[in-house]
Amino acid sequence: GPQRHPLQAAARARGTMSAAPTLHVGVVGYGLVGKELVGQILANGARLEEELGVRVEVSAVARSKTMVLLPTGAPTPALRGGGWPSGEMAADLPRLAEHVLAAAAVTGGRAIIVDNTASDEPAELYESWLAAGAFVATPNKRAGSGPHARYSSIMAAARSGGSRFMYEATVGAGLPIIAPLQALLRAGDEVKKVEGIFSGSLSYIFNTWKPGMKLSEVVHDAMSKGFTEPDPRDDLSGTDVARKVTILARELGMKIELDEVPVKSLVPAALQDWQPKAGEKVGEAFVKELAAFDGEMDALISEAEAAGEVLRFVGSVDAAAGKVSVQLGRFAKDHPFAGTQFADNIVAYDTKWYTPRPLVVQGPGAGAAVTAAGVFSNLLEVMQGMKR
């Protein structure tokens with residue numbers, strides 16, 4: 001066989017190295033998505049090893065305050081069913097990454113760090129992880145939509161480290177949105193415009209709201225079903241959509257900052273800085289305040305209905321014009337955006353090849369299972385590249 005590194009030969013002699021190369025996974029963030037992802041890895045690992053000849057192993061798990069570094073090659077029954085293994089220590093993300101990279105060095109495999117958090121702290125470390133040769137996969141939008149200088153450094157670190165920054169799950173959870181866009185661009189298509197409904201909560205609200213219904217009641221319904229943040233203004237403000245639009249615009253080569261995305265918030269100006277009284281639940285109190293604006297919102301939907309149109313909250317990247325926007329728009333009832341249901345995300349790519357009808361991707365764009373599946377698709381890509 002090929003000459004192996006002495007470390008690898010020693011590892012093989014100790015029996016920790018199977019013939020199959022191993023992808024070592026460090027999981028940062030062990031909430032709903034983290035547990036779901038670990039569950040998917042454990043459920044599919046054996047089948048994938050058979051199919052691809054590549055092993056996948058969870059080498060570390062971290063939550064906000066603590067972490068566990070797991071031994072290489074040992075089974076991890078404690079992780080089943082979202083369990084937390086013994087041997088925890090204070091969370092130290094640089095140390096976690098070192099452990100996962102060291103495991104990969106011993107087995108001759110690769111390391112990948114998965115960031116399932118929504119915080120900025122791990123995003124600050126991506127550059128060093130990538131430069132050290134670890135892949136990074138994440139649903140966390142902070143790096144993709146944060147400062148452009150940091151974004152550029154992250155991309156450069158992936159190139160220099162021979163690794164990749166993977167962020168399919170940052171837009172539309174498990175829906176394939178980034179990958180088709182990258183494939184079209186690589187194949188030489190010209191992408192003129194990408195627009196879509198990128199918020200599951202706002203999708204649900206506008207799919208549900210019909211003329212004669214009060215918008216405040218629809219928002220309350222969405223909130224009680226768990227579709228919105230505890231403070232619905234976090235969704236209605238459009239900031240989450242603006243983050244996704246920033247990520248897509250950068251994919252198309254636009255050098256843009258989040259605060260340059262014009263957003264028409266759905267929060268009435270009078271309620272943008274409003275705070276609940278002491279002891280009030282912010283969501284419930286906000287919905288009561290929102291009821292005062294039901295009349296003017298009713299006029300909007302009635303006008304649209306009279307024109308045979310629907311209202312949808314849409315993020316748009318017009319690459320040809322170099323413009324981006326996030327706002328409520330009106331669409332004819334035969335437009336793809338008019339046919340969304342429940343909490344669907346949908347994205348339409350208008351390109352040189354896909355014309356006059358755009359390429360459309362549609363489906364559930366939120367939820368732990370599909371978000372984890374989006375990250376898992378990135379793990380699979382790495383494993384496919386490791387096939388010997």
Side-chain angles (χ1 to χ4, degrees), residues 22-46 48-49 54-104 107 109-126 128-130 132-143 163-170 173-174 367-383 386:
T22 302
L23 177 62
H24 295 268
V25 187
V27 178
V28 176
Y30 198 62
L32 290 174
V33 176
K35 289 175 181 171
E36 178 69 40
L37 177 66
V38 169
Q40 290 176 10
I41 291 170
L42 297 177
N44 295 294
L48 289 170
E49 183 174 354
V54 178
R55 294 186 63 225
V56 58
E57 184 175 289
V58 178
S59 295
V61 282
R63 38 192 190 193
S64 53
K65 303 275 186 287
T66 57
M67 69 178 184
V68 182
L69 306 180
L70 297 156
T72 301
T76 46
L79 289 170
R80 293 203 179 279
W84 184 251
S86 57
E88 72 175 14
M89 58 184 78
D92 174 345
L93 296 184
R95 186 172 169 195
L96 176 140
E98 266 169 42
H99 172 80
V100 180
L101 280 158
T107 67
R110 293 297 305 251
I112 186 165
I113 312 291
V114 177
D115 170 22
N116 301 303
T117 74
S119 89
D120 210 59
E121 184 202 351
E124 281 288 313
L125 298 168
Y126 293 175
S128 63
W129 296 343
L130 291 159
F135 290 81
V136 173
T138 188
N140 183 352
K141 292 181 279 285
R142 294 292 171 150
S163 52
R164 277 178 67 198
F165 175 45
M166 308 174 97
Y167 43 92
E168 180 60 73
T170 58
V370 288
T371 302
V375 177
F376 199 58
S377 74
N378 287 151
L379 261 67
L380 281 173
E381 272 182 86
V382 176
M383 290 172 73
M386 289 169 65

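Owing to the predicted nature of the structure, the values given are computational and were not obtained by experimental measurement.
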**Item:** For Thr138 against Asp115, the heavy-atom pair lying closest together
**Value:** OG1-O, 2.6 Å

**Item:** Donor-acceptor under 3.5 Å (His99 side chain, Leu70 main chain)
**Value:** yes

**Request:** Measure the CG-CG distance between Leu37 and Leu379 for me, rounded to the nearest 0.5 Å.
**Result:** 6.0 Å

**Request:** Please check if atom CZ in Arg95 has more than 12 non-hydrogen atoms from other residues, nucleotides or ligands closer than 6.0 Å.
**Result:** no

**Asked** If every non-hydrogen atom of Leu130 is compared with every non-hydrogen atom of Arg164, which pair is closest and at what distance?
**Response** CD2-O, 3.4 Å

**Residue pair Lys35 / Gly82: nearest heavy atoms and the distance that separates them** = CE-O, 3.6 Å

**Message:** Check whether Arg110 reaches the backbone of Ala104 with its side chain - one donor and one acceptor, N or O, closer than 3.5 Å.
**Reply:** no

**Request:** Answer yes or no: is there a side-chain heavy-atom contact under 4.5 Å between Pro85 and Thr76?
**Result:** no

**Item:** Side-chain touch Val56/Asn44, heavy atoms, less than 4.5 angstrom
**Value:** no

**Request:** Can you measure from CD (Glu124) to CH2 (Trp129) and round to the nearest 0.5 angstrom?
**Result:** 11.0 Å

**Request:** Would you please test Leu380 and Leu48 for side chain to side chain contact (heavy atoms under 4.5 Å, CB included) and show each step?
**Result:** CA-CA 9 Å; Leu380 281 173; Leu48 289 170; 3.6 Å; yes

**Prompt:** Roughly how far, to the nearest 0.5 Å, is the CG atom of Leu93 from the CD atom of Glu121?
**Reply:** 5.0 Å

**Request:** Taking atom CG of Leu32 as the centre, report whether more than 12 heavy atoms of other residues, nucleotides or ligands fall under 6.0 Å from it.
**Result:** no

**Flag side-chain contact, heavy atom, 4.5 Å: Leu125 against Pro94** = yes

**Message:** Nearest 0.5 angstrom please: Leu42 CG to Glu57 CD, how far?
**Reply:** 10.5 Å

**Item:** Closest non-hydrogen atom pair between Asn116 and Gly34, with its separation
**Value:** ND2-CA, 3.5 Å

**Pairwise distance OG(Ser59) to CD1(Ile112) - rounded to 0.5 angstrom** = 11.5 Å

**Sidechain-backbone polar pair: Tyr30 side chain, Gly83 backbone, donor-acceptor under 3.5 Å** = yes

**Prompt:** Which atom pair, heavy atoms only, marks the closest approach of Ala169 to Thr371?
**Reply:** CB-O, 3.9 Å

**Prompt:** How far apart are the closest heavy atoms of Arg63 and Ala91, and which atoms are they?
**Reply:** O-CB, 3.9 Å

**Message:** Rounded at 0.5 Å granularity, tell me how far CE in Met67 sits from CH2 in Trp84.
**Reply:** 9.5 Å

**Message:** A side-chain contact here means heavy atoms from C-beta on lying under 4.5 Å apart; do Gln40 and Val375 qualify?
**Reply:** no

**Item:** Any donor-acceptor pair under 3.5 Å from Arg55 side chain to His24 backbone
**Value:** no

